There are 2 protein chains.
Amino acid sequence: MTIKANNPALKSWVEVPANSDFPIQNLPFGIFTHNGNSARVGVAIGDKVLDLKALHSLGYLTRLQFTIEDFDCNILNKMMRHGKQGTRELRNRISELLSAENDELQKNGHHCEQVLYLQSEVEMLLPMHIGDYTDFYSSEQHAYNVGCLFRDPNNALLPNWKHIPVGYHGRSSSIVPSGVDFHRPKGQKKPPTVEVPVFGNCNLLDFELETAFFTYEGKPLGESISTEEADEYIFGMALLNDWSARDIQGWEYVPLGPFLGKNFASHISCWIVTLDALEPFRTAGPVQEPKVLPYLEYAGDKHVDINLEVIIKPEGGEETTVSQSNYKYMYWNMNQQLAHHSVNGCNIRTGDCMGSGTISGPKESEFGSMLELSWKGTKTIPMKDGTERKFINDNDTVIMRGFSEKDGVRIGFGEVKAKVLPAL
Amino acid sequence: MTIKANNPALKSWVEVPANSDFPIQNLPFGIFTHNGNSARVGVAIGDKVLDLKALHSLGYLTRLQFTIEDFDCNILNKMMRHGKQGTRELRNRISELLSAENDELQKNGHHCEQVLYLQSEVEMLLPMHIGDYTDFYSSEQHAYNVGCLFRDPNNALLPNWKHIPVGYHGRSSSIVPSGVDFHRPKGQKKPPTVEVPVFGNCNLLDFELETAFFTYEGKPLGESISTEEADEYIFGMALLNDWSARDIQGWEYVPLGPFLGKNFASHISCWIVTLDALEPFRTAGPVQEPKVLPYLEYAGDKHVDINLEVIIKPEGGEETTVSQSNYKYMYWNMNQQLAHHSVNGCNIRTGDCMGSGTISGPKESEFGSMLELSWKGTKTIPMKDGTERKFINDNDTVIMRGFSEKDGVRIGFGEVKAKVLPAL
């Protein structure tokens with residue numbers, strides 16, 4: 001498959017700073033407002049946002065099947081209803097219009113002013129109406145670490161783990177975009193030292209370094225999506241911080257899984273990087289042994305090499321990087337996750353969000369949660385301001401960043417950032 | 001609180017057959033289509049449906065704050081955005097218009113023809129856009145039975161069960177209305193007799209007898225709803241069949257809870273009975289010992305007396321009632337469930353669906369699932385056609401019905417019904 005917009009030789013007439021996450025090979029989609037105008041669909045290019053509503057109304061997208069309502073909208077779902085082929089053509093057309101070799105838009109200075117804004121001057125919103133949110137648990141190192149911490153290092157992985165991309169349903173109402181601060185949750189917990197549960201602030205607030213993918217409309221209830229078909233149902237990816245209240249989670253999660261320990265807030269980055277833009281960074285996954293059941297087998301490279309990092313920024317302090325991981329460390333890939341999710345006939349809809357689960361690499365510095373980094377609070381993580389962390393403090397800001405890089409092209413996700421305010 | 005529409009002395013000029021679920025004291029809301037017209041909001045009265053779009057356009061609802069768009073809509077969510085006070089006034093006004101003592105509508109025969117249809121001539125649709133679906137596990141007898149079957153009869157309830165209304169997130173995409181048949185799910189399972197998991201049809205397909213409640217818009221992310229406030233955030237209730245694939249569930253659910261064993265289909269009844277209409281049937285719940293934490297304490301009668309039954313109808317055969325239970329058997333009530341769900345700041349939205357969990361009464365004949373009725377397949381349940389069941393067979397139709405009754409007034413839910421088609 002050749003996707004025109006991915007050509008590494010392309011340059012844009014819009015200035016793209018060195019190390020920008022958003023060269024012309026990326027062109028991620030998001031929802032923004034500018035100057036009090038209604039929310040609309042935008043595409044990131046360098047430090048700018050391209051306004052697709054304005055671009056459409058000026059006649060630059062008329063060859064495509066999209067209407068202005070697809071872009072004059074506070075969610076990407078309408079645009080995504082045109083499916084993989086539709087959004088691919090759209091991205092190719094935008095690439096064409098932004099290419100240095102094309103002067104259609106470039107030559108009309110007054111049009112350029114109407115369709116390009118500085119990212120620093122727009123507000124980014126939650127990009128999607130998320131119908132359902134599913135979170136997987138697909139990093140072997142993470143599952144192993146959790147098994148060591150809470151069960152038996154000699155039997156760290158549960159018996160089903162290498163047979164099933166284990167997942168569970170999360171809460172979509174509390175998924176918020178990067179930049180929305182939130183309050184430390186309260187809840188019921190039973191510390192090992194007390195006889196009866198108590199109510200109070202979460203004391204073990206943690207991040208989980210994850211990515212998420214977002215789906216196109218799937219098949220009718222009862223039908224399944226194969227690993228081979230899965231790519232056609234995946235629009236793109238974002239960074240996900242799946243906040244976790246470890247003390248609340250620990251007391252509640254047997255037997256039906258995490259609930260209030262997770263659903264107080266989950267943050268996603270605001271630009272959805274298309275799966276198309278990530279194609280050049282596909283890489284092989286681990287050999288899966290024992291062999292998976294046929295419905296989970298897949299062909300080709302279906303993992304993706306995405307560098308990931310987690311930063312803690314104490315109030316008034318500087319950033320300390322506490323984890324550097326990579327999405328390629330996943331045991332189960334998106335195709336397997338989606339095939340498993342739908343193998344029983346479960347239907348997916350436009351804008352469903354599927355989290356990877358915490359992405360931990362093999363080295364200690366690559367662990368994707370404070371639970372693992374502090375090894376359940378038995379170690380401390382030094383901050384550059386001289387303080388230490390086992391979990392996340394009030395007024396800490398947690399930032400996650402991610403990018404793929406190859407052949408001089410860097411496809412970035414921007415960041416997902418949120419500050420923890422004291423409990424209400 | 002006096003709710004005018006609940007007056008047991010009221011009679012309607014619309015004929016209401018004896019033992020109808022829908023006397024003038026009920027007035028449940030639903031979404032229907034008639035004669036190929038667009039979907040709209042309706043209210044059940046006797047064997048008829050009252051068309052609220054038509055009623056509004058004829059000027060009968062002008063004193064209220066609702067617009068025609070609230071009713072000219074394929075979901076109840078728009079109407080529900082007017083909140084408890086708004087929908088209460090609406091129900092009171094409809095009660096007035098349908099009352100035998102009021103001739104405003106009654107006297108205009110040509111209007112009556114435009115606003116009333118036979119239920120048998122309309123198609124009922126999913127009544128709600130369900131943002132998030134949560135399922136609780138709040139019947140003590142059910143939790144005890146499951147504990148006996150899968151763990152230890154002497155320690156059947158897990159340590160957290162009497163402290164927390166245990167719940168988990170379900171899948172909203174696969175919630176469908178009564179009457180939508182579905183295919184037996186397939187999936188991965190590991191019967192105790194084999195070494196490695198296998199893929200195939202679910203062999204242990206089960207119903208779960210539940211009710212669900214639906215919410216109004218809640219508070220902003222970070223705030224909580226108290227047990228005292230909870231009633232103001234609950235619109236109404238329906239019957240819920242939370243289908244379960246026991247063999248798939250058994251292999252997947254440790255450690256993150258049920259996933260593909262549940263999300264292939266959940267059916268709800270089509271008429272949402274308002275919490276207001278159920279007020280006369282409030283009843284005391286069990287004494288909760290050990291004492292619950294203060295945020296879970298509640299005042300007044302918050303349980304509801306609703307008779308429930310489950311019927312299996314084999315292909316071409318007659319109905320066999322396999323369970324008769326009651327919603328009053330719940331350990332945790334809706335107010336406690338909602339207070340718990342939001343105590344960590346998790347936000348709820350208009351149309352969220354919260355399932356009770358399987359409602360099992362203390363007698364064997366009151367158990368709310370085949371898992372319990374057949375005691376994990378060790379007993380058989382006789383059908384009237386001479387066959388037997390341990391779980392649900394292909395082409396069986398499972399029907400659940402429910403009603404409250406007191407002082408000669410019967411407030412019913414209609415039914416939730418679905419046929420199991422063979423696996424695809």
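Numbered from 1 within each chain, the chains take letters A, B, ... in sequence-line order. Keep in mind that what you see is a predicted model, and the values were worked out from it rather than measured.
Of the listed residues Glu252(B), Lys190(B), Arg349(B), the one with more heavy-atom pairs under 4.5 angstrom with chain A than any other is Arg349(B). Highest contact tally toward chain A, considering only Tyr137(B), Trp251(B), Tyr133(B), Phe199(B), is held by Trp251(B) [criterion: heavy-atom pairs under 4.5 Å]. Chosen from Ser224(B), Pro258(B), Ser342(B), Gly261(B), the residue pairing most often with chain A at heavy-atom distances under 4.5 Å is Pro258(B). Contacts with chain A were tallied for Asp135(B), Val146(B), Val254(B); Val254(B) has the most, counting heavy-atom pairs under 4.5 Å. With chain A as partner, the option from Asn201(B), Asn347(B), Val198(B) having the largest number of non-hydrogen pairs under 4.5 angstrom is Asn347(B). Your options are Pro159(B), Gly167(B), Gly222(B), Gly131(B), and the one with the most heavy-atom pairs under 4.5 Å with chain A is Gly167(B). When each of Ile248(A), Asn263(A), Leu296(A), Val196(A) is checked for heavy-atom pairs under 4.5 Å with chain B, Asn263(A) comes out on top.
A tilted orientation is assigned to the rings of Phe259(A) and His340(B), their planes being inclined by 30° to 60°.
To the nearest 0.5 Å, atoms CG (Asp132(B)) and CG (Asp132(A)) are separated by 7.0 Å. Interatomic distance, His169(A) NE2 to Lys262(B) NZ, rounded to the nearest 0.5 Å: 11.5 Å. Between Gln188(B) atom CD and Asn160(A) atom CG the span is 8.0 Å, to the nearest 0.5 Å.
Other residues, nucleotides and ligands contribute at most 12 non-hydrogen atoms within 6.0 Å of the NZ atom of Lys417(B).
For Tyr168(A) and Tyr168(B), the distance between ring centers is not under 6.0 angstrom.
For Ile164(B), the parts sitting under 4.5 Å from any heavy atom of chain A are the backbone and the side chain alike. Heavy atoms closer than 4.5 Å to chain A are found in the side chain of Asp352(B), but not in its backbone.
Residues of residues 170-185 of chain B lying under 4.5 angstrom from chain A, judged on non-hydrogen atoms, are Gly170(B), Arg171(B), Ser172(B), Ser173(B), Ser174(B), Val176(B), Pro185(B) in numerical order.
With sequence neighbours excluded, no residue satisfies side chain to side chain donor-acceptor pair (under 3.5 Å) with Trp161(B).
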